[in-house]
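As a basis for the values below, the full set of heavy atoms in this structure was taken, side chains included, without hydrogen atoms, waters or symmetry mates.
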Amino acid sequence: MSAPTAAPAAGPVPARWPRLARPDPVALMALPAFAYLAAAYGWPLLVLLGHSLSGPDGISLAPFARFLSDPFSWRVIGNTVRSALLVTLVCLLAGYPAAIALARARGVVQALLLLSVILPLSVGVVVKAYAWQIVLRRDGVVSQALVGLGIWDAPQRLLFTETGLVIGAANVFLPFMILPIYAVIRLIDPRLSEAAATLGASPVRRFLTVTLPLTLPGIVSGVAFVFSLAVSMYVVPSLVIGDRYQTLATLTGRAFLFLRDEQLGSTTAVILLALAVAVVVGSTALARRLGGGGLS
């Protein structure tokens, strides 16, 4: 009887072709949206950028240098940034208490408050702007109310002023400040404030040390939303304040529609886009830092 043969020594497994990774179903579901954005948003932006950089000898930064060398252009940029900051500040001061009240309400009251925040979004911006034209004129509701309260001695016109622009724009963009803050407040455990109260913290101290730090991500998101919308608003300044107060958005529309200057319109549009993108990118980085332990 022959001895059993020894099993062959284990050697290296022969290399095989790598198996193709299966595509992520979530990524496949997002492909139509990315394709739509690339065709309807990305490609026009590339064309816009190309127009802004076109010169007689090819690609050139001369259009930006020519625009930024004009003092009027800096006044327009200042108007754009200042009005956006004022609108954002008004929305934050009015929206933060509203978000807290909305988060703490219950039942039917919360549903009615949430409806009052969301329902105005269904009304077009043009309708709101025309409505503010009626409200802000000399014989409007605001002027009559201020005279009745004794703040003004005689009716005054708020229409075609920067104050009227800020009031009208804040009304349009206020829900975009309330909703992000409300979403964050709902995630805060109410027992944290109760624990601070049992340790002897006053209501103001509880707000400054517990509620406010925990709601900073919502504040950052709301500020980014409102500022990026306010810095590029076109309809509200056009109807509420007119051509005497030029912003980058209104100047872009005027360059394309009336002056027929595609290069000027493209240049102002790219600068406006850079402002909005810088705010969104900066706020995203800040929100990630706050959410990743920046509050500890």
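For Tyr234, the OH atom counts as densely surrounded, since its 6.0 Å shell holds more than 12 non-hydrogen atoms of other residues, nucleotides or ligands. Around CZ of Arg157, the count of heavy atoms belonging to other residues, nucleotides or ligands within 6.0 Å exceeds 12. The number of heavy-atom neighbours closer than 6.0 Å to CG of Asp261, taken from other residues, nucleotides and ligands shown, is above 12. Summarising the local packing, CH2 of Trp152 is surrounded by more than 12 heavy atoms from other residues, nucleotides or ligands at distances under 6.0 Å. Shown here is Leu46, whose CG atom has more than 12 heavy atoms of other residues, nucleotides or ligands within 6.0 Å.
Here the CD1 atom belonging to Ile77 is positioned 12.5 Å from the CZ atom belonging to Arg82, to the nearest 0.5 angstrom. Taken from OG in Ser73 to CG in Leu68, the straight-line distance is 7.0 Å, to the nearest 0.5 Å. Separating the CG atom in Leu251 from the CG atom in Leu272 is a distance of 10.5 Å, to the nearest 0.5 Å. Here Ile59 contributes atom CD1 and Ser54 contributes atom OG; the two are 9.5 Å apart, rounded to the nearest 0.5 Å. In this structure, the separation between CG on Asn79 and OH on Tyr245 is 4.0 Å, given to the nearest 0.5 Å. Asp189 CG to Glu194 CD: the interatomic distance, rounded to the nearest 0.5 Å, is 8.0 Å.
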Take Ser266 and Phe256 through the test side chain to side chain contact (heavy atoms under 4.5 Å, CB included) and record every step on the way to the result.
-> CA-CA 9 Å; Ser266 302; Phe256 278 113; 3.8 Å; yes
Verify side chain to side chain contact (heavy atoms under 4.5 Å, CB included) between Thr211 and Arg206, making sure each step is shown before the conclusion.
-> CA-CA 7 Å; Thr211 304; Arg206 293 200 304 268; 5.7 Å; no
Which is it for Ile219 and Leu212 under the side chain to side chain contact (heavy atoms under 4.5 Å, CB included) test, yes or no, and what are the steps along the way?
-> CA-CA 9 Å; Ile219 293 175; Leu212 183 60; 3.9 Å; yes
For side chain to side chain contact (heavy atoms under 4.5 Å, CB included), just list the numbers for Arg186 and Arg104, CA-CA rounded to whole Å, side-chain angles, deciding distance to a tenth of an Å, and then say yes or no.
-> CA-CA 8 Å; Arg186 286 200 61 184; Arg104 294 182 178 178; over 6 Å; no
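Counted by atom type alone, Thr252 and Thr268 present one or more donor-acceptor pairs between their side chains at under 3.5 Å. Checking Arg138 against Gln144 by side-chain atom types alone, no donor-acceptor pair falls below 3.5 Å.
Proximity of Val87 to Leu165: side-chain heavy atoms (C-beta onward) are nowhere separated by under 4.5 Å. Two residues are said to be in side-chain contact when any heavy atoms from C-beta on lie closer than 4.5 Å; His51 and Glu262 meet this criterion. Here the side chains of Ser283 and Phe225 are not in contact, with every heavy-atom distance at 4.5 Å or above. Considering only heavy atoms from C-beta on, Leu89 comes within 4.5 Å of Leu93 through its side chain. Contact check for Val135 versus Ile167: no side-chain heavy atoms found under the 4.5 Å cut-off. For the pair Phe173/Thr88, no side-chain contact is recorded, criterion being any heavy-atom separation below 4.5 Å from C-beta on. Counting only heavy atoms from C-beta outward, the side chains of Phe64 and Leu53 approach each other to under 4.5 Å. With contacts defined as side-chain heavy-atom distances shorter than 4.5 Å, the pair Arg75/Gln246 does not qualify.
Closest heavy-atom contact between Val210 and Ser193: CG1-N, 4.3 Å. In this structure, Ala169 and Val236 approach most closely via the heavy-atom pair N-CG1, 4.0 Å. Closest of all the heavy-atom pairs between Val172 and Lys128 is CG2-CD, 3.9 Å. For Ala129 against Val235, the heavy-atom pair with the smallest separation is CB-CG1, 4.4 Å. Closest approach of Met29 and Pro32 over heavy atoms only: O-CD, 3.3 Å.
In this structure, Tyr96 and Phe207 have perpendicular ring planes: the angle between them is above 60°, well past the 30° mark.
Val76 and Met233 fall into different hydrophobic clusters, defined by Ile, Leu, Val, Met, Phe, Trp and Tyr side-chain heavy atoms under 4.5 Å apart, directly or through other members.
Judged by distance alone, with hydrogens and angles left aside, the side-chain atoms of Arg137 form no donor-acceptor pair with the main-chain N or O of Asp139 at under 3.5 Å. Checking side-chain atoms of Ser232 against main-chain N and O of Ser228 turns up a donor-acceptor pair under 3.5 Å.
For the pairing with Ser52, the side-chain contact (heavy atoms from CB on, under 4.5 Å) check across Val270, Val47, Leu273 returns one residue only, Val270.
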